[in-house]
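Order of the sequence lines sets the chain letters (A, B, ...), proteins ahead of strands, with each chain counted from 1. Just so you know, these numbers come straight off a predicted model, no measurement behind them.
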Amino acid sequence: MNYNFTEIEKKWQERWEKNCSFKAQNGGEKEKYYILVEFPYPSGSGLHVGHVRSYTALDSLARLKRSQGYNVLFPMGWDAFGAPAEQYAIKNHVYPANMVSDCIATFKAQIKSIGSSFDWSREFSTTDPDYYKWTQWQFLQFYKAGLAYKDEKEINWCQKCKTGLSNEDAAGGVCERCGSETTKKLKNQWMLKMSAYADSLIEGLKDTEFLEKIKTAQINWIGKSVGAEVDFKLKDTEDTLTVFTTRCDTLFGVTAMVLSPEHSLLEKYKDRISNYEEVQKYQEAAKKKSEIERTDMTKEKTGVKVEGLKAINPVNDEEIEIWISDYVLAGYGTGAIMTVPAHDDRDYDFAKKYNIPIKQVIAKNIVGTGDSAIKEDKPFTDREVVIAAIKHPEEDKYLCVKNKKFEWINFVIGGIENGESVLEAAQREITEETGYTDIEIEKELPFIYFDNFFARHKDVNRHITCHTVVGKLKSLNIIERSKEESDLQEVMWVTKDELIETLNTEAHRYDAKRVLEDREVYTEDGVHVNSGFLDGLNKEDAIEKMLEFLEENKCGRKTTNYRLQDWIFSRQRFWGEPIPMVFCEKCGWVPVPESELPVILPDVPSYEPTDNGESPLSTVEEWVNTTCPTCGGHATRETDTMPNWAGSSWYWIRYMDADYKEGIASMEAMKYWGQVDLYNGGMEHATRHLLYARFWNQFLYDQGIVPVREPFKKRVAHGMILGENNEKMSKSKGNVVNPDDMVKNYGADALRTYELFIGDYTKDAAWSENGLKGCKKFLDRIYRLQNKLNSEEEYSKELESEIHKTIKKVTDDIETMNYNTAVSALMILLNSFDKQSSISRKDYRTILHLLNPIAPHITEELNEICGLGEEFTKSTWPAYDESKMVTASYEIGVQINGKLRASILVSADEAEESIKEKAFENENVKRYIEGKEIVKTIIIPNRIVSIVIK
RNA sequence: GCUUCUGUGGCGGAAUAGGUAGACGCGCUGGACUCAAAAUCCAGUGAUAGCGAUAUCAUGUCGGUUCGAGUCCGACCAGAAGCACCA
């Protein structure tokens, strides 16, 4: 039986349009439900199968919710400002607006062809003056609140696009649009004070149901870090050099200061800096480097010592050298750091290269466990000891001693006696304990550490300060040890590889690790040493105490820093919303009066960005020259435009009341629709768009313009549709699938069904045309099912329970966006229907209704031609009855010692005794339990019987 | 390096709360219909052994908890994404 899906689809799409079937009402009795899918950029390449996936998924949910009696807002619009349209305009010398409206028309027709139930009465484009009037108006609100300001700033500059980029758009030093490397350029820019909302953006996440990974991505992006600012006096000046640190407790370990090359103090004291030329050379080199080069962590650090300037450490008045290096970022913290090479890997690298001293201020603090755990009731003794890691003269082995009584294996260890140096003590102990005399100590490891334990052999607690030396034997010359020593321990040689496993105590293993890795810097926590009033404290207490000190002495304060910076809001582009500000020689920057909005974007002779970094708008003199709203004198318009993120930062609000003339939307409409219940979009927008939009909305809320603080209740992200070869679809790879072709060849319903069936909605999935054919086949079988129709009006007895189960399954699955299993459940139900000789009219109508959100056209058609009832767009979703879902009998498995050995048929209400009996009667079960003792029998109703035998 | 996520047949993927692993679909094999093909229908399809009942193995690897682990715990391996010289 053939049917013309193209005609059927056309017929229903026209009918829905004529009846305004999907128009949402503002207000009314019904409960509201707001479903939002990110509006597309109407590019010339048309709709992608990826769009089809998310639009269809949310469309199915929208259709379900409507059928369940919700007032569903499911709108669509166009995000049409920005680079792609402009690029196209430059290339083809056409006015972007014309191109945009052509693309919108194509996109819209394509979206309609897949049967999406969008409420087109609320459609708009961000490029409509009626829309961007309000984008501009909102910018003025930011300005009035002091959150929009103009600032001379080093911005990310893309040579190729000839425009400034926000930090977000130039992440990693790469231009988001063209992929080329960005450089820095000093420009006067409009900024939005997003940093003021950093904490609020973190806090607000608590009130949302975003995916965990989206929340973490946002928190990482904001990058909150709590620490302190510390003021170092600049020697022989009145100035101070302020640094930001999260570890003010290491202040006693500071051995240098490092400034970013851009630091302002350098310019100020250039007369004092004796090597200023060298400094300047480095500054220029740093400026030329791209962000990528500067932040490449694999490359060696570089820097220049600033001769003639010194800083004074506020805790001990030590004079400290000052350096510049590009590993210190100008834009974070104060653009200067204090260097603690002993406890920071980056500082260590820098210090090693330039011979900056390394000073230990934190010592590892080992605390014994088990037999060595401290005993509270025993006395404590303090000791200074030396531990000697001594190498064999020829082989790669280390000298150890084994305690005969306790079987401990250790390096040679011994107390340092009064007046003795560490090296002398080591020499003496080695000869005493092992008899070897020809010893060469190479060095003492720079860091001491502490070991706290209960010494069983002496029955006291010990707190020992450990000094470690490394060396070797020059020969195996040996003298006889005292009897006492030779009775107590034997000498042994342990190979390098076995050392760590062989040594008994954590302290010796720590030494072994240090010796073998030849490391000096240890960033692990411990207790403070060489730190005056912090000695003996742990990290947390030391930070607190140091903060107290800094504040008392007025040389520092607790501070929080964020990675998130203010939003650079200017673009030197033509195709964007004009920023509604004018500059007057007398009055400075003056906002365009709200009554004069919108500031219409004029056409320009050339869309090309200019070489001098000005927007093409600057060439339209009659537009640029205007009068000052304040004094009436001559003024010029701001010629930069807004970034393309601006229009998408409030579009969901406009959908609530798209024709409203008095504001962004009426308060009544905004209160009615409230939050977006479900917002779908790609993972690529998890940080930027979502943060901008939340920031914008939180601001509007604080101004009393919108009624909710967090705009989106729940955010979900769809997975990508990959090409048949499992790679991202792209023209160059030739694996692009055009949805139009699929609609033409298989029908919109088949395409929809397939894209929902393809796999987990949130994960990427590879396209398969065979899979699509399979879904077409499924719909064909649904179509042919009409031949089995009898005249019964109730559910068929044989199918009733399965139908109820399927209603529940499909309802739950669509609501939780598990579309693939919803489709599969319907396939299973169809298989059951097909096994029957005939099906009732209610059976058929129900499967059609359940399938309707997924394949709306063919189900409506079948419902109509078979005269089964009202259109599904006007019908109430089928209800299920839990009590009818139980099956009369079912099979359950029987396990013996955890292995499945049989399955038995039991009835729904069968007693446990009877189930047990049936299990034991089974032939295969009998075989296994014969002659064995039955330890226990576990019966889990509806699931399994588990028999344990011995 | 840090954070997050993911590892199941030839493939896409199922498996509420730990309870018969591999649903459903694709592909493949065989058969029916047909002069033939397409379409459709029927049967089979994790691996190994066996005619078969059945047995052994199997959810990245190794351990653990449990009558029972894809699912819980620990360690590791692999891949993906995000952040990254952020002091």
Side-chain angles (χ1 to χ4, degrees), chain A residues 1-2 171-172 211-221 223-225 227 243-248 250 258 294-299 301 325-329 331-340 344-347 349-350 561-565 683-684 686-687 724 726 753-754 757-760 762-775 777-778 780-781 784 809 812 818 820-831 834 890-904 923-924 927 935-949:
Chain A
M1 193 189 286
N2 275 323
L211 287 172
E212 210 45 49
K213 64 173 171 179
I214 295 177
K215 288 188 184 179
T216 0
Q218 297 210 352
I219 290 168
N220 282 347
W221 192 278
K224 180 175 182 170
S225 92
V243 301
F244 174 72
T245 175
T246 54
R247 293 299 300 271
C248 61
T250 60
V258 185
R294 268 188 77 159
T295 56
D296 180 5
M297 274 167 49
T298 56
K299 81 157 199 242
K301 291 187 172 39
S325 172
D326 63 8
Y327 84 91
V328 176
L329 307 175
Y332 185 79
T334 61
I337 61 159
M338 61 188 211
T339 301
V340 187
D344 181 285
D345 287 329
R346 294 156 301 175
D347 294 346
D349 291 343
F350 191 69
N561 255 298
Y562 301 91
R563 207 188 72 97
L564 182 77
Q565 313 254 308
M683 253 333 263
E684 70 275 16
T687 44
E724 213 139 5
N726 236 313
T753 309
Y754 171 61
F757 186 57
I758 195 166
D760 186 331
T762 62
K763 287 188 196 149
D764 293 353
W767 182 263
S768 153
E769 193 150 337
N770 277 327
L772 172 55
K773 282 181 190 163
C775 289
K777 234 152 73 175
F778 163 65
D780 291 349
R781 285 175 64 201
R784 284 198 300 271
K809 174 86 180 147
D812 292 351
N818 290 305
N820 53 338
T821 48
V823 175
S824 138
L826 288 165
M827 287 173 170
I828 294 168
L829 188 63
L830 170 66
N831 289 343
D834 253 345
Y890 51 90
E891 278 194 352
I892 63 169
V894 182
Q895 286 182 344
I896 296 169
N897 283 357
K899 294 218 168 181
L900 188 73
R901 295 302 179 193
S903 78
I904 54 173
E923 286 304 319
N924 210 35
R927 245 181 62 203
V935 180
K936 61 176 162 178
T937 306
I938 299 158
I939 295 168
I940 311 292
N942 305 334
R943 298 262 185 224
I944 209 156
V945 179
S946 186
I947 302 167
V948 187
I949 60 169

Does [X] reach a base, just sugar-phosphate, or nothing at all? Heavy atoms under 4.0 Å.
{"X": "N831(A)", "value": "sugar-phosphate"}
{"X": "D780(A)", "value": "nothing"}
{"X": "G223(A)", "value": "nothing"}
{"X": "K773(A)", "value": "nothing"}

Please state how far atom [atom1] in [X] lies from atom [atom2] in [N], giving the value in whole angstrom units.
{"X": "Y332(A)", "N": "C83(B)", "atom1": "OH", "atom2": "C1'", "value": "13 Å"}
{"X": "L830(A)", "N": "U40(B)", "atom1": "CG", "atom2": "P", "value": "13 Å"}
{"X": "N897(A)", "N": "G68(B)", "atom1": "CG", "atom2": "P", "value": "8 Å"}
{"X": "K224(A)", "N": "C2(B)", "atom1": "NZ", "atom2": "P", "value": "24 Å"}
{"X": "F778(A)", "N": "U40(B)", "atom1": "CZ", "atom2": "P", "value": "15 Å"}
{"X": "I214(A)", "N": "C5(B)", "atom1": "CD1", "atom2": "C1'", "value": "12 Å"}
{"X": "D812(A)", "N": "A15(B)", "atom1": "CG", "atom2": "P", "value": "13 Å"}
{"X": "E724(A)", "N": "C26(B)", "atom1": "CD", "atom2": "C1'", "value": "11 Å"}

Nucleotide forming a Watson-Crick or wobble pair with [N], both distances under 3.5 Å:
{"N": "C2(B)", "answer": "G82(B)"}
{"N": "U34(B)", "answer": "none"}
{"N": "G50(B)", "answer": "none"}
{"N": "C24(B)", "answer": "G12(B)"}
{"N": "A75(B)", "answer": "U61(B)"}

What nucleotide among [options] has an atom nearest to a side-chain atom of [X]?
{"X": "R781(A)", "options": "G82(B), C41(B), C85(B)", "answer": "C41(B)"}
{"X": "I828(A)", "options": "A23(B), A87(B), C57(B)", "answer": "A23(B)"}
{"X": "T216(A)", "options": "C83(B), C67(B), U3(B)", "answer": "U3(B)"}
{"X": "N220(A)", "options": "G82(B), A87(B), C26(B)", "answer": "G82(B)"}
{"X": "D326(A)", "options": "A87(B), C26(B), C85(B)", "answer": "C85(B)"}
{"X": "M827(A)", "options": "C83(B), G82(B), G25(B)", "answer": "G25(B)"}

Say we look at [N] and [M]: how far apart would their [atom1] atoms be, to the nearest angstrom?
{"N": "U61(B)", "M": "G52(B)", "atom1": "P", "result": "29 Å"}
{"N": "C5(B)", "M": "U56(B)", "atom1": "C1'", "result": "35 Å"}
{"N": "A38(B)", "M": "G30(B)", "atom1": "P", "result": "13 Å"}
{"N": "C73(B)", "M": "A17(B)", "atom1": "P", "result": "14 Å"}
{"N": "C28(B)", "M": "G79(B)", "atom1": "P", "result": "32 Å"}
{"N": "C33(B)", "M": "C42(B)", "atom1": "C1'", "result": "11 Å"}
{"N": "U59(B)", "M": "G13(B)", "atom1": "C1'", "result": "13 Å"}
{"N": "C85(B)", "M": "A75(B)", "atom1": "C1'", "result": "32 Å"}

Inset, instruction - For K777(A), enumerate each residue passing the salt bridge (charged side-chain N to carboxylate O under 4.0 Å, His left out) test, keeping only those at least two apart in sequence or located in another chain. - result: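 Applying salt bridge (charged side-chain N to carboxylate O under 4.0 Å, His left out) to K777(A) gives none.
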
Inset, instruction - Please figure out whether K899(A) or N818(A) has its closest RNA chain B nucleotide nearer the 5' end. - result: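 Whichever sits nearer the 5' end wins; that is N818(A).
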
Inset, instruction - Map D760(A) and K777(A) onto RNA chain B by nearest heavy atom, then report which one ends up closer to the 5' terminus. - result: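 Of the two residues, D760(A) wins.
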
Quick one: does any side-chain atom of [X] pair with a main-chain N or O of [Y] as donor and acceptor, under 3.5 Å?
{"X": "Y754(A)", "Y": "E769(A)", "value": "no"}
{"X": "N897(A)", "Y": "I949(A)", "value": "yes"}
{"X": "D347(A)", "Y": "V340(A)", "value": "yes"}
{"X": "N818(A)", "Y": "T821(A)", "value": "no"}

Is the shortest side-chain N/O distance from [X] to OP1 or OP2 of [N] below 4.0 Å?
{"X": "R927(A)", "N": "A53(B)", "answer": "no"}
{"X": "Y327(A)", "N": "A87(B)", "answer": "no"}
{"X": "N924(A)", "N": "A55(B)", "answer": "yes"}
{"X": "N820(A)", "N": "C24(B)", "answer": "no"}
{"X": "N770(A)", "N": "G27(B)", "answer": "yes"}
{"X": "R901(A)", "N": "U56(B)", "answer": "yes"}
{"X": "S225(A)", "N": "A87(B)", "answer": "yes"}

Quick one: which protein N/O atoms are closer than 3.5 Å to N/O atoms of nucleotides 18-21 of chain B? Pair and distance per line, please.
from, atom 1, to, atom 2, distance (Å)
G19(B), N2, Q895(A), OE1, 3.1
U20(B), O4, E891(A), O, 2.4

Inset, instruction - Find out whether I892(A) and I904(A) are in side-chain contact, i.e. whether some heavy atom of one side chain is under 4.5 Å from a heavy atom of the other. - result: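 The answer is yes; the side chains approach within 4.5 Å.
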
Inset, instruction - Specify whether F244(A) and Y332(A) have parallel, tilted or perpendicular ring planes, treating 30° as the upper limit for parallel and 60° as the lower limit for perpendicular. - result: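 F244(A) vs Y332(A) ring planes: perpendicular.
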
Inset, instruction - Mind running side chain to side chain contact (heavy atoms under 4.5 Å, CB included) on M338(A) and T245(A) for me, showing each step along the way? - result: CA-CA 8 Å; M338(A) 61 188 211; T245(A) 175; 3.8 Å; yes

Inset, instruction - Syn or anti for G9(B), please, going by whether the chi angle lies within 90° of 0. - result: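 Base orientation: syn.
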
First locate atom [atom1] of [X], then atom [atom2] of [Y], and finally report the distance between them rounded to the nearest 0.5 Å.
{"X": "N924(A)", "Y": "R927(A)", "atom1": "CG", "atom2": "CZ", "answer": "4.5 Å"}
{"X": "I947(A)", "Y": "I939(A)", "atom1": "CD1", "atom2": "CD1", "answer": "8.5 Å"}
{"X": "N820(A)", "Y": "K763(A)", "atom1": "CG", "atom2": "NZ", "answer": "9.5 Å"}

Under-3.5 Å N/O pairs linking protein and nucleotides 6-12 of chain B:
from, atom 1, to, atom 2, distance (Å)
G12(B), O2', I758(A), O, 2.5

Legend entry - Candidate pair R901(A) and V894(A), rule side chain to side chain contact (heavy atoms under 4.5 Å, CB included), full reasoning: CA-CA 6 Å; R901(A) 295 302 179 193; V894(A) 182; 5.7 Å; no

Legend entry - Verdict with reasoning, K224(A) to L564(A), per side chain to side chain contact (heavy atoms under 4.5 Å, CB included): CA-CA 8 Å; K224(A) 180 175 182 170; L564(A) 182 77; over 6 Å; no

